[in-house]
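Report on one structure; see the data block that follows.
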Amino acid sequence: MRTYRNPVIGGFHPDPSVCRVGEDYYLVCSSFEYFPGVPIFHSRDLVHWRQIGNVLDRPSQLRLPPEAVASGGIFAPTIRHHDGLFYMITTNVSEGGNFLVTAERPEGPWSDPVWIDLPRVDPSLAWDDAGDCWLTTSGPRLARIDPASGEVLEGPVDIWPGTGGKYPEAPHLFQVGGWWYLLLSEGGTERGHAVSIARARSPRGPFEPGPVNPILTHRGTSRPIQSTGHADLVCAPDGTWWMILLGARPRGYSPEFQVLGRETFLVPVEWVDGWPVAGPVEERHPAPAAWHPLPPPPVRDDFDGPGLAPCWISVRSRPDGSWSLTERPGRLTLHATGPTLDRPGHTFFGRRQQHHDCRVSARLDPDPGRAGLSVRLDEAHHYDLEVSGGEASVIARIGPLRQVVARRPVAPGPLTLTVHCRTADPLPPSVTSAAEAGAGPVGVGARGPDTIAFSAGGVLLAELDGRYLSTEVATGFTGRVIGMYVTEGSAAFDWFDYEGTDDEPVVPVA
Ligand code: 6LW
């Protein structure tokens, strides 16, 4: 029997929402403080996904002011297709609140925002047979809106509050067999996450809870996939039903650390006496009938194409003049620019870490300036491999502490920088610094999720405990992003390699 492997989209891809148009599926995820926002993926089988763009790729659609702190910005999106148009609805919690954008083609262009004057997060859309458009938000609450103008025509009113778990959120309405089903997540997005169900004859209710709730949760279990929730449903052309949801794979010693953030998983759904039943979410499941594998993702981005691959994200904005693919053809040139929260002039191009074990390298032509590779959880939690003034350094920023943990001279000219994340053995020594680099140990006795090794020109500078770049330490809703940066002057990157080595599926770079 053919099986597929979870997660179907590894790395920081939370709050997934999915819709089907004919034999094509489209999926979107949250993007928080990163620009461009809301990555959009395409699949023919729900298992193999390819990123085809970012829904919010213009400043007119996505403004993330300096106050848009880590895990602010864009929360949980929903994607739907109605009457020949794609709709993506989401919340910019840092500026403006709830809005929707539309497109005729999922690759875009997507419209500018239609703002909706309703509070709360996790907006979702459903249309009834009369053509009325129903919007649900966390709470959960229901309103009727005009999706063309954003005007609220009715409500909002509270509907079924769930079974008592905290944060009833991510409500989605589905019309199936004469019933309106309300899929709801509750219990918080951490280890208590759960998915519950209720149904009514009308979107207005009254909703009756399903006979067994939650219909899916991993709370209190020792399963390797935890925090399962924030789900969406889709029916395949063959009539089978599937749930797309988020989960996390914490590693290391208690309380365990999640470093990849919340990822996207797929699980089959059965209907039992008129109610959907799903889970548990396994690392392998029998595959859907359709099977359309994609070629393995290229390891290297040579920056030779006319545009940037959609996987590249920056923090809050990507000002004109801060980057170029043409200034030095075949290279990504970055220029330091305006101030950011922790590092003046910081220009960053990163991609999500999608594997627990991975090797990332980049070839850097440092101009006089300050540039390098950063493993980033947020502004206050990152490890940097930095080149400046004829030296390569490893700098650890953990909360209010900033420490140069290793430093060595490097020859002038192009330099290959390498970051190697490795799942830690059970209870390993946590932090070892290369003796030849002359750096002393900066921590001992770790039981962290992984170690992160930094090399310049093939010489190991330091190996650090990965726990400090985890959600449990940094807080928030994101996961690690690894990328190139410049904080002073300019730098050109000839290529960037990302190689996942833990045999997990990964979404190819388009
Ligand atoms: C999102 C909420 C959630 O709005 O986390 O897991 C929040 N669920 O539904 C941020 O991703």
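Whatever order the structure lists them in is the order used to number ligands and atoms, beginning at 1.
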State whether a side-chain donor-acceptor pair under 3.5 Å links D112 with S60.
yes
Among all protein heavy atoms, pick the one closest to atom 9 (O) of ligand 1 and tell me residue, atom and distance.
D122 OD2, 2.4 Å
May I ask you to identify, for L246, whether its side chain, its backbone, both or neither come under 4.0 Å of ligand 1 on a heavy-atom basis?
side chain
Taking the inter-plane angle between the rings of H82 and W127 on a 0 to 90° scale, is it parallel (under 30°), tilted (30 to 60°) or perpendicular (over 60°)?
parallel
So, T163 and E186: side-chain donor and acceptor under 3.5 Å apart, yes or no?
yes
Tell me if the aromatic rings of F477 and F75 count as close, with their centers under 6.0 Å from one another.
yes
Flag, side chain of N54 to backbone of P310, donor-acceptor distance under 3.5 Å:
yes
Taking only heavy atoms of H193 into account, list the atoms of ligand 1 that are under 4.0 Å away from them.
6 (O), 8 (N)
Below 3.5 angstrom, do we get any N/O pair linking R262 and ligand 1?
yes
Heavy atom of F32, distance to ligand 1 below 4.0 Å
yes
Could you check whether atom CD of E154 has more than 12 heavy atoms from other residues, nucleotides or ligands sitting under 6.0 Å from it?
yes
Heavy atom of the protein closest to atom 6 (O) of ligand 1 (residue, atom name, distance)
T189 OG1, 2.6 Å
the protein heavy atom lying closest to atom 11 (O) of ligand 1 turns out to be D15 OD2, 2.4 Å
I want to confirm something. Looking only at heavy atoms, which of E169, E186, E190 is nearest to atom 8 (N) of ligand 1?
E169
